[in-house]
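FYI, the numbering just counts along the sequence from 1. Both backbone and side-chain heavy atoms feed into the values below; hydrogens, waters and symmetry mates do not. Both counts, for ligands and for their atoms, begin at 1 and track the order of listing.
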Amino acid sequence: MVQPYRHEPLTDFTVEANRDAFLVALKKVESELGRDYPLVIGGERIMTEDKITSINPANKAEVVGRVAKANQELAERAMKAADEAFRTWSRTSPEARADILFRAAAIVRRRKHEFSAWLVKEAGKPWREADADTAEAIDFMEYYGRQMLKLKDGIPVESRPGETNRFFYIPLGVGVVISPWNFPFAIMAGTTVASLVTGNTVLLKPASATPVVAYKFVEVLEEAGLPAGVLNYIPGSGAEVGDYLVDHPRTRFISFTGSRDVGIRIYERAAKVHPGQIWLKRVIAEMGGKDAIVVDKEADLELAAQSIVASAFGFSGQKCSACSRAIIVEDVYDQVLSRVVELTKQLNVGDPAEQATFMGPVIDQNAYNKIMEYIEIGKQEGRLMTGGEGDDAKGFFIQPTVFADVDPNARIMQEEIFGPVVAFAKARDFDHALEIANNTEYGLTGAVISRNRANLEKARQEFHVGNLYFNRGCTGAIVGYQPFGGFNMSGTDSKAGGPDYLLLHMQAKTVSEMF
Ligand SMILES: NC(=O)c1ccc[n+]([C@@H]2O[C@H](COP(=O)([O-])OP(=O)(O)OC[C@H]3O[C@@H](n4cnc5c(N)ncnc54)[C@H](O)[C@@H]3O)[C@@H](O)[C@H]2O)c1
Ligand SMILES: N[C@@H](CCC=O)C(=O)O
């Protein structure tokens, strides 16, 4: 009997034994840096001449690993393997499929710090962020396994005398899973296992900045009993391999998490029916955000400042849920702003391998350049209160940056920066604050800090975001507790880690029999 779902607890690093265990894991991972990793197609390991080099963003001279790189020919081979494996995998019982997820979760739980240590090295995640990423990966496996067991018999429908009607769900086919680097374990694993447990086969194209942790996860699923060909690991260029697979007539669905522009591109391309294609492709897209914390005049202002700082600068602001806009009612604006600046100046920025580090680097040179450009734009659009400096000599470090007095229509209030930058805007009153909060094309997360019940209720109705939080920050959704996903240009309104997510990976069949 499967135990009820509970989310994986986060590690308490104030406990010495936990700190020691994490240091041991970091040492182990350090001793394994710089290795080569193959593609996995139909269970076969394939090494290519051309490789993706994964580096440590905190120390760009440190190579985390070199990963084989798929081209269109290899992507085609992977598609054939996945298509072939679908015949048997789609008929494998949901219980057997769910068991593989439960076994994989147990394997990861036993090697939890090791996985987190890979995230420290490959994504530049500080300990707590890496630990949360690994915990979320475990949660996705545990949660989706249980959800599949709930859905496996379909849903009862009515029947008339002499007639039996059944309504149940069957898999779709081959899914292309395209994942981002910012939750290189949790989102990569979550989108992959949701596709697999529902009976689909998968071509996994992880982000090029973080392919090693994805390879490690493929190994875990193999160890847990996933048959060859069901999951094919094919890192490669988005433009080359990504477009090829999105266009492919045998692709049945695409599960994408990443930026708005790539999401739109995939959505448009997937709509085109190619010769030999006998279905309309489904697209699940989780895209960007321009998330806001609104602070009311009747509010716990210390909570407001702490929430803004944690949500804006956790993992260097590289979360789709990150607070990049702080919208403060004018009565308390100066107070909240000055406390946020004070707290921001106290943040410890440095090597994420050090336990004391709150904020590490940003992911790569492109991200660094883009964020520094936005900081220059911010200097024209607002008042620089703290931060604004970067240093990419060794790794890609940017100081946490606060801009004040920014117009709601300014670029830094509208465009996703995806870095440690938060812009403050002053609102006349709570209604005006909500108006500003809704004034972007995104709709992912938001938070309201208020003691005013009527205003909270108004926000419940009017603040148009997929994940709305009251009296807390706007990051850190937990699988099965706060299903995650946004509106408008934040995606296709799907909710990862929610009770209806698996349905997006299946189609419903009705069978009616007369007796
Ligand atoms: N809504 C969510 O749940 C969520 C979660 C995490 C990240 N994000 C968003 O992801 C972005 C950051 O991640 P990123 O920089 O990896 O995003 P990205 O769009 O640059 O890349 C995402 C993935 O798409 C691939 N890709 C690029 N071009 C492609 C193409 N033409 N065809 C197919 N695949 C292609 C990349 O290689 C990568 O694997 C941010 O915008 C963030 O808000 C959203
Ligand atoms: N689910 C994560 C964000 C994922 C996107 O980057 C959160 O809730 O903070």
Side-chain angles (χ1 to χ4, degrees), residues 52 69-70 75 123 129 132-133 135-137 139-140 176-184 186-188 190-191 203-211 214 234-248 251 254-270 283-291 310-311 314-324 362-364 366-367 370 415-419 442-447 465-467 469 472-479 481-498 501:
I52 295 169
K69 191 174 177 189
E129 300 284 346
D133 195 332
E136 191 175 357
D139 287 346
F140 277 127
V176 178
V177 172
I178 302 172
S179 54
W181 51 263
N182 74 326
F183 280 77
I187 292 180
M188 177 276 305
T191 48
L203 307 180
L204 170 61
K205 199 211 83 56
S208 298
T210 54
I234 47 164
S237 138
E240 189 189 350
V241 170
D243 282 351
Y244 181 75
L245 290 175
V246 167
D247 295 347
H248 202 290
T251 293
I254 298 137
S255 174
F256 166 81
T257 312
S259 62
R260 169 195 176 282
D261 290 356
V262 175
I264 290 173
R265 179 188 178 89
I266 288 174
Y267 197 69
E268 286 176 354
R269 292 184 82 107
V283 177
I284 306 162
E286 311 271 3
M287 292 146 54
K290 192 67 194 170
D291 314 301
S311 302
F315 189 39
S316 311
Q318 300 173 110
K319 301 184 190 181
C320 55
S321 52
C323 169
S324 56
V362 299
I363 191 69
D364 59 18
N366 283 343
K370 179 181 150 193
E415 297 170 20
E416 188 183 45
I417 300 172
F418 221 57
Y442 294 103
L444 189 46
T445 78
V465 289
N467 282 60
Y469 302 103
R472 51 158 284 184
C474 59
T475 60
I478 296 176
V479 172
Y481 294 68
Q482 291 114 7
F484 187 81
F487 303 146
N488 296 347
M489 279 300 169
S490 293
T492 47
D493 317 311
S494 42
K495 278 285 190 283
Y501 186 70

Trainee: Counting only non-hydrogen atoms of the protein, does one fall under 4.0 Å from atom 21 (O) of ligand 1?
Mentor: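 It does not: no protein heavy atom is found less than 4.0 Å away from atom 21 (O) of ligand 1.
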Trainee: Nearest to atom 39 (O) of ligand 1, what protein heavy atom do you find, and at what distance?
Mentor: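 Here the closest protein heavy atom is Ser179 O, 2.8 Å.
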Trainee: Of the listed options (Lys495, Gln318, Glu416, Lys319), which comes nearest to atom 43 (O) of ligand 1 when hydrogens are ignored and any heavy atom counts?
Mentor: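 The residue whose heavy atom sits nearest atom 43 (O) of ligand 1 is Glu416.
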Trainee: At what distance is the nearest protein heavy atom to atom 33 (C) of ligand 1, and which residue and atom is it?
Mentor: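 I find the closest protein heavy atom is Gly242 CA, 3.4 Å.
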Trainee: Determine whether the side chain, the backbone, both or neither of Asn182 has a heavy atom under 4.0 Å from any heavy atom of ligand 2.
Mentor: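 It is the side chain that gets close, since no backbone atom is under 4.0 Å.
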Trainee: Backbone, side chain, both or neither: what part of Ala496 comes under 4.0 angstrom of ligand 1, heavy atoms only?
Mentor: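 For Ala496, no heavy atom sits under 4.0 Å from ligand 1.
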Trainee: Can you pull out the closest protein heavy atom to atom 6 (C) of ligand 1? Residue, atom name and distance to 0.1 Å, please.
Mentor: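 The protein heavy atom lying closest is Asn182 OD1, 3.2 Å.
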Trainee: Side chain, backbone, both or neither: which part of Ile178 comes within less than 4.0 Å of ligand 1 when only heavy atoms are counted?
Mentor: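 Near ligand 1, Ile178 shows its side chain, while the N, CA, C and O stay back.
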Trainee: Between CG of Asn182 and CD1 of Ile363, what distance do you get to the nearest 0.5 Å?
Mentor: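 Rounded to the nearest 0.5 Å, the CG-CD1 separation comes out at 8.5 Å.
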Trainee: Which residue, Leu444, Thr445, Ile417, forms the side-chain contact (heavy atoms from CB on, under 4.5 Å) with Lys290?
Mentor: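 With Lys290 as partner, side-chain contact (heavy atoms from CB on, under 4.5 Å) holds for just one option, Ile417.
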Trainee: Before accepting this row, confirm whether a basic side-chain N of the pair Lys319/Asp291 lies closer than 4.0 Å to the acidic partner's carboxylate O.
Mentor: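 No.
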Trainee: At under 4.0 Å between heavy atoms, is it the side chain or the backbone of Val262 that contacts ligand 1, or both, or neither?
Mentor: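 The answer is the side chain of Val262.
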Trainee: Got the closest protein heavy atom to atom 3 (C) of ligand 2, with its distance?
Mentor: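 That would be Ser321 OG, 3.4 Å.
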Trainee: With a 3.5 Å cut-off and no angle check, do the side chains of Ser324 and Glu416 form a donor-acceptor pair?
Mentor: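 Distance-only check fails for Ser324 and Glu416.
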Trainee: Are any of the N or O atoms of Asp243 closer than 3.5 Å to those of ligand 1?
Mentor: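 So ligand 1 has an N or O lying under 3.5 Å from an N or O of Asp243.
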Trainee: Geometry only, no angles: is Ile187 polar-contacting ligand 2 at N/O separations under 3.5 Å?
Mentor: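 It does not: no N or O of Ile187 is found under 3.5 Å from an N or O of ligand 2.
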Trainee: Does Ser259 reach ligand 1 with a nitrogen or oxygen that is under 3.5 Å from one of the ligand's nitrogen or oxygen atoms?
Mentor: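 By distance alone, the answer is yes.
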Trainee: Using a 4.0 Å heavy-atom threshold (strictly under), name the region of Ile266 that reaches ligand 1: side chain, backbone, both or neither.
Mentor: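 The part of Ile266 near ligand 1 is the side chain, not the backbone.
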Trainee: Is ligand 1 under 4.0 Å from a heavy atom in the side chain of Arg265, in the backbone, in both, or in neither?
Mentor: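 It is the side chain that gets close, since no backbone atom is under 4.0 Å.
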Trainee: Can you check whether Lys205 has an N/O within less than 3.5 Å of an N/O in ligand 1?
Mentor: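 N/O-N/O distance under 3.5 Å: yes.
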Trainee: For ligand 1, is there an atom lying under 4.0 Å from some heavy atom of Gly486?
Mentor: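 Outside the 4.0 Å threshold, so no.
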Trainee: Does atom CZ of Phe487 have more than 12 heavy-atom neighbours, drawn from other residues, nucleotides or ligands, at distances under 6.0 Å?
Mentor: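 Yes, because the 6.0 Å sphere around CZ of Phe487 holds more than 12 heavy atoms from other groups.
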Trainee: Does an N or O from Trp181, backbone or side chain, lie closer than 3.5 Å to an N or O of ligand 1?
Mentor: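 Trp181 vs ligand 1: N/O contact under 3.5 Å present.
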Trainee: Would you indicate which of Gly236, Cys320, Ala207, Pro206 comes nearest to atom 5 (C) of ligand 1 when only heavy atoms are counted?
Mentor: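 Among Gly236, Cys320, Ala207, Pro206, the closest heavy atom to atom 5 (C) of ligand 1 comes from Cys320.
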Trainee: How far is atom 8 (O) of ligand 2 from its nearest protein heavy atom, and which residue and atom name does that atom have?
Mentor: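 Checked against all protein heavy atoms, atom 8 (O) of ligand 2 sits closest to Ala477 N, 2.8 Å.
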Trainee: Could you tell me the residue and atom name of the protein heavy atom closest to atom 44 (C) of ligand 1, and the distance to it rounded to 0.1 Å?
Mentor: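 That would be Met287 O, 3.0 Å.
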Trainee: How far is atom 13 (O) of ligand 1 from its nearest protein heavy atom, and which residue and atom is that?
Mentor: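 Scanning the protein heavy atoms, the shortest distance from atom 13 (O) of ligand 1 goes to Pro180 CB, 3.5 Å.
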Trainee: Any side-chain to backbone donor/acceptor pair from Ser490 onto Gly288? Under 3.5 Å, distance only.
Mentor: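 Yes; at least one donor-acceptor contact below 3.5 Å.
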Trainee: Write out the residue and atom name of the closest protein heavy atom to atom 30 (C) of ligand 1, then the distance separating them to 0.1 Å.
Mentor: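 Ranking protein heavy atoms by distance from atom 30 (C) of ligand 1, first comes Gly238 O, 3.3 Å.
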Trainee: Quick one: nearest non-hydrogen protein atom to atom 5 (C) of ligand 2, plus distance?
Mentor: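 Residue, atom and distance for the closest contact: Cys320 SG, 2.2 Å.
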Trainee: Are side-chain heavy atoms of Lys69 and Val241 found at a separation under 4.5 Å?
Mentor: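 No - every pair of side-chain heavy atoms lies 4.5 Å or more apart.
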Trainee: N/O to N/O below 3.5 Å, does that happen between Ile187 and ligand 1?
Mentor: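 The answer is no, given that Ile187 and ligand 1 share no N or O pair closer than 3.5 Å.
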Trainee: Hey, could you give me the CZ/OG1 distance between Phe140 and Thr191, rounded to the nearest 0.5 Å?
Mentor: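 Those atoms lie 8.0 Å apart.
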Trainee: Kindly compute the distance separating CZ (Arg269) from CG (Asp243), expressed to the nearest 0.5 Å.
Mentor: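 One finds 4.0 Å between CZ of Arg269 and CG of Asp243.
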Trainee: Taking a cutoff of less than 4.0 Å between a non-hydrogen atom of the residue and any ligand atom, is Phe418 in contact with ligand 1?
Mentor: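 For ligand 1, residue contact (heavy atoms, under 4.0 Å) with Phe418 is present.
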Trainee: If we only count N/O pairs under 3.5 Å, is Gly258 in contact with ligand 1?
Mentor: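 Yes - when backbone and side-chain N and O of Gly258 are compared with those of ligand 1, one distance drops under 3.5 Å.
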Trainee: Just by modelled atom types, is the Gln318 backbone N or O under 3.5 Å from a matching donor or acceptor in the Ser316 side chain?
Mentor: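 Side chain of Ser316 to backbone of Gln318: no pair is present.
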